[in-house]
Visitor: 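Please see the structure below; I have some questions.
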Amino acid sequence: MRRHRRPGFKASLPLIVTLAALLLGGCGLGKQSTLSPAGPVAQAQLGMLYESLAIMSVIFIVVLAVFVYSLIRFRARKTDTELPKQVHGSTALEIVWTIIPIIIIVALSISTVHYAFALETPQTGKGTVQVQVIGHQFWWEFRYPGTGVVTANQVHIPVGKKVNFSLQSADVVHSFWVPRLGGKTDLIPGRTNTLWLEASKPGVYYGQCAQLCGAGHAYMKFTVLAQSPAAYKAWLQHMQHDTVSVTTPEETAGLALFKQDCSTCHTIQGTPFHGNVGPNLTALATRPTIAAGTLPNTAQGLATWLKDPAAAKPGAKMPDLGLSQTQIQSLVAFLQTLK
Amino acid sequence: MAAITERVAIAHSEARSYHGIWAWLATVDHKKIGIMYIYAALFFMAFGGAEALLVRIQLWQPNNHFVSAETFNQLFTMHGVTMIFLVAMPILIGYINAIVPLQIGARDVAFPRMNALSLWLFVLGGIFLYTSWFMGGAPDAGWFNYVPLSGAHFSPGAGVDFYDIGLQITGIGTLMTAINFLVTILNMRAPGMRLLRMPMFTWSALITMLLILFAFPPITVNLILQMMDRLFHATFFNIPLGGNALLWQNLFWIFGHPEVYIMILPAFGIVSEIIPTFSRKPLFGYESMALALSVIAFLSFMVWTHHMFADGLGPIVNSIFAITSMLIAVPTGIKIFNWLATIWGGQIRFTTANLYALSFIPLFVIGGISGVMLAMAPADLQYNDSYFVVAHFHYVLFGGTLMGALAGLYYWFPKIWGRLLNEKLGRLNFWLVFIGFNVTFFPMHILGLEGMPRRISTYAPGYGWTTPNQIATVGAFILLAGMLILLYNLIRTFAKKPDLVQDPWDGRSLEWSIPSPTPEYNFAQLPLVEDRDAYWVAKREGNGELPKAEPVGPIHMPSPSLSPFFLALTVVIAGYAALLHVDWLALVALLAVFWQIGLQLVHEDHGYHVHPDVPAGGAAE
């Protein structure tokens with residue numbers, strides 16, 4: 001009959017939601033918005049949002065219409081002399097409003113079960129990429145099995161490939177969430193969870209910890225850098241063969257300082273430094289931020305961090321090393337050579 | 001009414017009377033206990049609200065440093081713990097105490113002294129929790145207190161100990177309330193008050209008490225296990241030593257989800273009383289309403305892992321729990337449609353009580369819509385632990401529970417305190433709360449979809465989160481204004497002389513058939529109940545007098561006693577001692593607790609009798 005109306009309504013829903021978001025968000029869809037999916041997982045989840053919101057909106061509008069109509073039509077009037085008709089119930093009506101929700105739930109269950117299996121089963125196809133994620137208070141460690149590559153707070157993935165993230169925690173429960181690529185999964189100590197995501201387009205996707213993990217919870221951010229497969233491959237190779245070369249006296253002094261003060265906790269590929277308490281700092285200078293998205297990766301940002309980590313980032317586990325201004329400058333110079 | 005005013009004490013030492021504050025500390029009268037529950041809940045609400053306002057101020061702008069990250073975690077943890085355990089449940093238990101015995105035609109609860117013990121455990125347990133702020137810091141691992149974050153290694157301060165011990169203390173009280181009211185409702189109904197003649201609020205109380213009875217043991221087990229971990233170095237939740245992080249989560253949510261219904265079912269009950277009264281129609285679909293309550297309660301124990309969809313439990317578990325969770329929409333929908341059918345064709349009076357009760361319908365439907373969305377497990381992975389969830393549960397717990405509680409306050413105030421709250425101020429109070437609530441919490445749906453995780457102490461600019469956060473903060477202050485109007489209304493009403501109006505709303509159930517405030521024995525003669533809405537029927541078909549089930553005669557009443565208060569106090573002393581590792585004192589206090597319980601067991605309380613007035617000018621007061 002009027003079948004054309006429903007798709008029309010459904011198609012306009014994204015627009016309605018977007019408009020509402022624009023209206024309330026002030027400056028449009030944010031860089032961490034579930035409403036602007038950039039991969040098939042987030043796309044499927046957004047589709048479920050539209051499906052459920054569409055059906056539930058119809059219910060809400062019906063309820064609201066009956067409600068508002070009743071409030072106006074059946075308000076008490078001075079002219080009321082007799083009691084209203086005393087109705088105790090209606091079996092027929094009550095059956096109707098029991099059956100209709102059941103039908104709706106059956107409808108919603110179909111996509112729920114379908115996507116539960118589609119989205120929550122680890123991917124096995126050819127070209128699937130494996131990345132190991134380890135959550136720490138309050139930063140992210142990313143390992144690429146079989147390559148020896150370890151990085152922190154920025155994970156590189158190839159575009160158009162399914163990526164299986166295996167999720168583990170070194171301390172408390174964290175949650176790995178990149179809204180534009182898909183929903184979150186918790187990192188639970190003592191367990192290994194998996195989550196697969198895929199980025200359809202190259203770009204930087206923002207993520208952060210979604211499960212309360214302590215004082216630094218708000219500062220446990222990371223980025224996903226989705227690259228063309230070629231660029232991704234090149235990066236992996238660069239990370240495996242990275243070497244450290246210092247030239248200026250300041251950088252050399254920084255290297256010495258690093259050996260003395262930092263190497264028990266931090267690893268740099270191509271050096272004898274293999275501490276494994278803090279983040280791996282190989283190619284640190286190529287990362288956009290430091291301290292899990294807390295500070296920009298600039299000389300200024302690095303200096304702020306080294307001066308007093310806990311002041312720059314609540315709950316930070318890195319101790320204040322009591323470095324002098326000169327020492328900080330040397331260390332910053334050295335760290336900026338890690339390309 | 002029958003003139004039973006003279007009190008003749010029988011020859012027993014227990015029948016002593018207490019005066020001033022002692023009368024309150026010693027009372028076992030369910031009405032006074034109810035009043036104290038409500039006062040205490042409103043008192044704690046001021047603190048929980050203040051914590052929420054500080055959270056909202058902190059989130060006003062990006063990179064704000066109004067409070068530290070550590071303080072922020074304590075603020076939202078205590079806000080959640082307070083509002084759930086010290087406000088929502090107690091205020092509803094307060095109404096249940098004050099009203100349910102009246103609705104079923106009883107003279108008190110089954111175990112009046114145990115009832116007083118429940119109250120004091122809640123009040124003193126709540127104060128115990130709040131002293132954490134002055135003793136090294138409040139709990140800070142969130143109201144669901146996940147391990148291992150809340151374990152001794154990651155939370156070395158005493159905050160989580162306050163949570164573990166404080167919630168055990170209040171929890172024992174709540175469990176005893178459940179036993180007390182189950183027995184009261186099942187055994188102490190007036191003659192003729194069959195189960196299917198009980199007012200819907202009493203039905204909701206009955207089902208809620210069943211929920212408490214089964215839901216509180218799992219959380220108690222959790223709290224005890226964690227207390228063992230933290231105080232005595234056990235390893236139930238110590239992961240490197242073989243502890244299990246999911247054990248806590250499972251036990252917590254096996255309690256936690258029914259807990260949500262413990263907080264909402266009594267609000268359903270309140271709304272089911274008020275809407276028929278102010279529509280001048282009986283509740284539509286009474287039987288299906290009672291059935292829906294029972295089905296919701298039953299299902300509530302089968303949905304707990306929907307709080308754990310992001311735990312990686314796999315597609316089978318998530319599918320099953322997604323479907324059971326969605327099923328709850330069916331009985332809930334029945335309730336919503338029955339309320340709509342009740343107002344349909346009625347003569348609706350827009351009193352403040354009814355405004356609150358009516359607003360419950362659309363607000364709870366919004367909460368229900370987001371609830372169904374959250375139940376869709378794969379989509380939930382986007383909403384879980386985001387502000388979308390924060391929006392959802394505030395729509396059900398504020399838009400549902402608190403709106404219901406405020407409806408109940410305006411509705412039963414004249415019955416409980418014998419005076420009417422000001423309606424003009426009431427309407428202003430309602431509109432400010434209604435608008436403030438929506439302005440605060442609706443933008444949080446958007447924040448969640450825009451990727452803002454809950455419980456972050458601050459955020460950077462550039463995420464599109466600033467404007468919705470600012471709207472929410474403005475809304476919180478509108479809410480504050482609304483609640484201050486309520487406070488003013490309360491103070492003003494207490495300052496005036498009692499109206500003593502018995503039945504201001506043309507009520508339907510038994511509580512309106514007796515004077516306001518109610519005499520201590522409630523019913524001079526127990527009524528004989530022959531209908532649902534018995535008092536309404538008596539008013540329409542007779543002279544408003546219910547048939548009596550007994551002749552006028554002496555009424556047996558329980559004696560007041562200070563022992564519940566002191567028992568609760570001893571429990572709290574044991575709590576402090578354990579927390580401060582003064583082990584000998586903890587041991588002595590626990591022995592004293594058992595000693596006092598033993599005394600109660602062997603002690604015979606004969607109570608006292610209230611005798612009818614001697615008709616010919618006797619010695620009436």
Side-chain angles (χ1 to χ4, degrees), chain A residues 21 24-27 30-35 45 48-49 52 56 60 63-64 66-67 70 74-76 80 83-86 88-89 94 97-98 101-102 105 108-109 112-113 115-117 119-121 172-173 175 179 183-186 188-190 193 208 210-215 217-218 314, chain B residues 69-70 73 142 146 148-149 154 239 245 280-282 284-285 288 310-312 314-315 318-319 322-323 326-327 329-330 333-334 336-337 340 343-349 361-362 365 369 372-373 376-379 381-382 384-385 443 446 449-451 453 455-458 462-464 467-468:
Chain A
L24 282 155
C27 39
K31 60 186 181 184
Q32 199 165 298
S33 175
T34 65
L35 302 175
Q45 286 160 334
M48 295 181 75
L49 182 141
S52 51
M56 300 314 277
F60 183 63
V63 167
L64 202 65
V66 175
F67 180 67
S70 304
F74 301 115
R75 67 187 189 279
D80 290 334
L83 279 183
K85 194 170 166 224
Q86 302 290 294
H88 289 268
E94 288 169 52
W97 59 57
T98 307
I102 291 176
I105 284 165
L108 292 177
S109 298
T112 298
V113 175
Y115 283 115
F117 281 86
L119 304 185
E120 295 175 39
T121 311
V172 301
V173 181
S175 194
K184 63 190 74 62
T185 297
D186 286 6
I188 299 165
N193 280 335
Q208 74 184 96
Q211 183 64 268
L212 176 67
C213 56
H217 173 50
Chain B
E70 289 83 358
N73 289 358
Y146 273 9
L149 178 65
F154 297 102
I239 316 301
R280 294 163 68 86
K281 277 182 65 196
F284 192 93
S288 67
D311 272 3
N318 283 4
S319 296
I323 292 169
M326 281 190 259
L327 277 179
V330 177
I334 290 173
I336 297 284
F337 290 116
L340 285 177
I343 61 172
W344 185 276
Q347 292 163 1
I348 305 165
R349 285 178 289 160
I361 296 175
V365 170
I369 288 173
V372 171
M373 292 169 71
M376 297 174 76
L381 298 179
Q382 286 285 29
N384 190 293
D385 273 319
I446 307 294
L449 297 179
E450 288 284 310
R455 297 172 162 178
I456 54 173
S457 57
T458 190
Y463 287 84
T467 312

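Per chain, numbering begins at 1; letters A, B, ... match sequence-line order.
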Visitor: Starting from the C-alpha separation in whole Å, work towards a yes-or-no answer on side chain to side chain contact (heavy atoms under 4.5 Å, CB included) for A:K31 and B:Y463.
Guide: CA-CA 6 Å; A:K31 60 186 181 184; B:Y463 287 84; 3.6 Å; yes
Visitor: Sort out for me which of B:P315, B:A329, B:P453 touches chain A most, counting heavy-atom pairs under 4.5 Å.
Guide: B:P315
Visitor: Using a distance-only test with no angle check, is there a side-chain donor-acceptor pair under 3.5 angstrom linking A:T34 and B:Q382?
Guide: no
Visitor: Between A:T185, A:T112, A:V113, who has the most heavy-atom pairs with chain B when the cutoff is under 4.5 Å?
Guide: A:T112
Visitor: Quick check for you: among B:A69, B:S288, B:P282, B:S319, which has the greatest number of heavy-atom pairs under 4.5 Å with chain A?
Guide: B:P282
Visitor: Does the side chain to side chain contact (heavy atoms under 4.5 Å, CB included) test come out yes or no for A:L108 and A:S52, once each step is laid out?
Guide: CA-CA 7 Å; A:L108 292 177; A:S52 51; 4.2 Å; yes
Visitor: Any idea which of A:C213, A:S175, A:P101 has the most non-hydrogen atom pairs under 4.5 angstrom with chain B?
Guide: A:C213
Visitor: Counting heavy-atom pairs closer than 4.5 Å to chain A, which one of B:D385, B:I348, B:I334, B:V372 comes out on top?
Guide: B:I348
Visitor: Go through the structure and list residues passing side chain to side chain contact (heavy atoms under 4.5 Å, CB included) with A:A218, not counting sequence neighbours.
Guide: B:I456, B:S457
Visitor: Report yes if the side chains of B:L381 and A:L119 come closer than 4.5 Å at any heavy-atom pair, otherwise no.
Guide: no
Visitor: Under the ring pair (Phe, Tyr, Trp, His ring centres under 6.0 Å) rule, collect the residues that match up with A:F67, sequence neighbours excluded.
Guide: none
Visitor: Using non-hydrogen atoms only, which part of B:F154 is less than 4.5 Å away from chain A: side chain, backbone, both, or neither?
Guide: side chain
Visitor: Side chain, backbone, both or neither: which part of A:I102 has a heavy atom under 4.5 Å from chain B?
Guide: both
Visitor: When heavy-atom pairs shorter than 4.5 Å are enumerated against chain A, which of B:G462, B:G285, B:G345 gives the highest number?
Guide: B:G345
Visitor: Between A:I105, A:T121, A:V173, which residue shows the highest count of heavy-atom pairs closer than 4.5 Å to chain B?
Guide: A:I105
Visitor: With a 4.5 angstrom heavy-atom cut-off, which part of B:N318 approaches chain A: side chain, backbone, both or neither?
Guide: side chain
Visitor: At a 4.5 Å cut-off on heavy atoms, which part of B:I361 comes close to chain A: side chain, backbone, both, or neither?
Guide: side chain
Visitor: Under a 4.5 Å cutoff for heavy-atom pairs, which residue among B:P378, B:P362, B:G312 has the most contacts with chain A?
Guide: B:P378
Visitor: Most heavy-atom pairs under 4.5 angstrom with chain A, which of B:G346, B:A377, B:A245, B:A322?
Guide: B:G346
Visitor: Please test B:F337 against A:E94 for side chain to side chain contact (heavy atoms under 4.5 Å, CB included), starting from the C-alpha separation and ending with a verdict.
Guide: CA-CA 8 Å; B:F337 290 116; A:E94 288 169 52; over 6 Å; no
Visitor: Could you have a look at A:K184, A:Q86, A:M56 and say which one has the most heavy-atom pairs with chain B under 4.5 angstrom?
Guide: A:K184
Visitor: Verify side chain to side chain contact (heavy atoms under 4.5 Å, CB included) between B:I343 and A:F74, making sure each step is shown before the conclusion.
Guide: CA-CA 7 Å; B:I343 61 172; A:F74 301 115; over 6 Å; no
Visitor: Okay, side chain of B:D311, backbone of A:D186: is any donor-acceptor separation there less than 3.5 Å?
Guide: no
